[in-house]
Number of protein chains: 2
Amino acid sequence: MFIYTEELAGDIDTCQYRRMSNPQMLPILEADTGAETVPCCAPLSRQPLGAEDSERIAAMFKALGDPVRLRLFSLIASHEGGEACVCDIADVGVSQPTVSHHLKKLRDAGLVTSERRGTWVYYKVAPSVVAALAGVLDLNP
Amino acid sequence: MFIYTEELAGDIDTCQYRRMSNPQMLPILEADTGAETVPCCAPLSRQPLGAEDSERIAAMFKALGDPVRLRLFSLIASHEGGEACVCDIADVGVSQPTVSHHLKKLRDAGLVTSERRGTWVYYKVAPSVVAALAGVLDLNP
DNA sequence: ACTCTGTATTGATGTTCATCTATACAGAAG
DNA sequence: CTTCTGTATAGATGAACATCAATACAGAGT
């Protein structure tokens with residue numbers, strides 16, 4: 001399932017890996033930049049997370065830990081191109097300011113990025129961040 | 001990455017799937033029973049989650065959304081056999097009642113199960129639940 | 001300039017939550 | 001039965017959070 005760079009495995013918590021289904025290396029960079037790459041860790045079944053890694057990764061899980069945010073995220077992810085206008089996904093049963101608040105939280109967690117195009121704002125998933133999160137959960141490295 | 005039962009895909013949110021890396025079907029059952037099987041959904045990039053599915057799955061992400069709980073979970077998952085005594089993982093910087101509190105939350109979320117053996121209590125991961133969570137995050141179905 | 005629509009921010013409010021101390025419970029060993 | 005150790009529960013407290021109404025901001029069109 002995982003191809004894991006063994007030279008880093010026992011050395012430090014933060015290390016590189018790549019998924020077989022999405023074979024791209026993930027260099028270590030800042031998460032909240034919304035860039036292509038993210039810092040991540042070995043699957044949880046490999047080695048326990050350190051205190052700092054736990055903080056960083058838990059923040060991403062926490063962002064998905066609200067039903068409204070998870071729904072918004074899934075609406076973005078399942079939209080064509082992994083991108084959606086706010087106007088397309090705003091109907092989740094809460095007020096418009098609350099939708100905006102939750103989208104900001106998803107953005108701050110590095111799970112989505114936003115871009116204004118004229119009147120509308122488009123949100124898209126940050127694929128490698130999410131792949132890294134899924135990788136952390138992988139129990140069969 | 002995913003083999004997805006297409007006959008259910010467009011029909012309803014809750015549907016069956018299996019992972020290629022862990023090729024076992026996951027029939028639909030209760031999550032908090034701690035059983036082998038869990039109810040889960042298509043990857044988020046397939047279709048948006050419904051309101052009820054969002055509640056259920058967000059509860060699992062929320063359980064991993066605290067640094068202490070994520071560390072405890074990783075300590076359990078990375079222990080040999082995916083199982084650990086509380087005494088082995090209790091050193092995460094908070095008091096003993098707080099550790100117990102967090103372990104209960106992980107158990108209530110269906111992510112771990114617990115078993116008393118004599119004086120000690122052992123916690124182990126619920127693998128299919130975690131695999132299902134990882135599957136939900138998969139962006140390349 | 002003015003207005004209209006889409007999105008973000010501010011400030012307030014009630015709820016949830018993480019944490020602690022104190023205490024209770026369970027099993028083992030005297 | 002009593003004591004000791006490991007784990008869980010109860011209750012309290014301060015912080016974080018989800019939500020909303022009101023308001024501000026940004027572009028587009030008239």
Side-chain angles (χ1 to χ4, degrees), chain A residues 32 34 49 51-52 54-76 79 83-109 111-124, chain B residues 32 34 49 51-52 54-76 79 83-109 111-124:
Chain A
D32 48 2
L49 291 174
E52 329 77 37
S54 300
E55 295 275 350
R56 195 165 35 76
I57 298 178
M60 302 187 201
F61 281 125
K62 177 186 275 185
L64 295 175
D66 178 87
V68 173
R69 276 197 297 272
L70 185 60
R71 252 187 113 183
L72 288 170
F73 184 83
S74 73
L75 282 163
I76 296 168
H79 218 259
E83 173 181 274
C85 171
V86 175
C87 57
D88 290 326
I89 62 177
D91 189 22
V92 288
V94 292
S95 70
Q96 178 269 322
T98 302
V99 169
S100 193
H101 164 78
H102 283 308
L103 288 174
K104 178 173 166 52
K105 289 222 157 187
L106 287 173
R107 184 155 33 91
D108 290 344
L111 297 174
V112 303
T113 60
S114 66
E115 181 193 359
R116 171 159 230 134
R117 291 210 283 274
T119 304
W120 294 276
V121 177
Y122 291 82
Y123 281 76
K124 66 189 315 181
Chain B
D32 50 1
L49 291 174
E52 329 78 38
S54 299
E55 296 274 352
R56 195 165 34 76
I57 298 178
M60 302 187 201
F61 282 125
K62 177 186 276 185
L64 294 175
D66 178 87
V68 173
R69 275 198 296 272
L70 185 60
R71 250 187 113 184
L72 288 170
F73 184 83
S74 74
L75 282 165
I76 297 168
H79 219 259
E83 174 180 273
C85 170
V86 176
C87 56
D88 290 327
I89 62 177
D91 190 23
V92 288
V94 293
S95 69
Q96 176 269 320
T98 302
V99 169
S100 193
H101 164 79
H102 283 307
L103 288 174
K104 178 173 165 52
K105 289 222 158 186
L106 286 173
R107 184 155 32 91
D108 290 345
L111 296 174
V112 302
T113 60
S114 67
E115 180 192 359
R116 171 159 229 133
R117 291 208 284 273
T119 304
W120 294 277
V121 177
Y122 291 81
Y123 281 76
K124 67 191 314 181

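Because the structure is a prediction, the values reported are computed rather than measured. So you know, we letter chains A, B, ... as the sequences are listed, proteins then strands, and number each from 1.
In this structure, B:Arg71 does not pair ionically with A:Glu55, as no charged nitrogen and carboxylate oxygen lie closer than 4.0 Å.
Within the structure, a side-chain polar atom (N or O) of B:Ser95 is placed less than 4.0 Å from OP1 or OP2 of C:dC20. Listed pair A:Lys62 / D:dA16 fails the phosphate criterion, with no side-chain N or O lying under 4.0 Å from OP1 or OP2.
Closest contact between the side chain of B:Arg116 and the listed nucleotides D:dG6, D:dA22, D:dG27 involves D:dG6. Distances were taken from every side-chain heavy atom of A:Val86 (C-beta onward) to each of C:dT19, C:dT7, D:dT7; the shortest belongs to C:dT7. Among C:dT19, C:dT7, D:dA10, the nucleotide with an atom closest to any side-chain atom of A:Val121 is C:dT7.
Counting to the nearest Å, the C1' atom of C:dT16 and the CG atom of B:Asp66 are 13 Å from each other. In this structure, NE2 of B:His101 is placed 15 Å from C1' of C:dT21, rounded to the nearest angstrom. One atom, NE2 of B:His102, and another, C1' of C:dT16, lie 14 Å apart when rounded to the nearest Å. Between the CD atom of A:Gln96 and the P atom of D:dA18 there is a distance of 17 Å, given to the nearest Å. As a whole-Å value, the separation of B:Tyr123 OH from D:dA8 C1' is 8 Å. For A:Lys105 and D:dA18, the NZ to P distance is 4 Å, given to the nearest whole Å. Going from atom CD of B:Glu115 over to atom P of C:dG27 covers 13 Å, rounded to whole Å.
Heavy atoms of A:Arg117 sit nowhere under 4.0 angstrom from any nucleic acid atom. Residue B:Thr119 is in sugar-phosphate contact alone, with no base atom involved, counting any heavy-atom pair closer than 4.0 Å across all strands shown. Contact annotation for A:Tyr122: no contact, since no heavy-atom pair falls under 4.0 Å across all strands. Across all strands shown, A:Val99 has no heavy atoms under 4.0 Å from either base or sugar-phosphate atoms.
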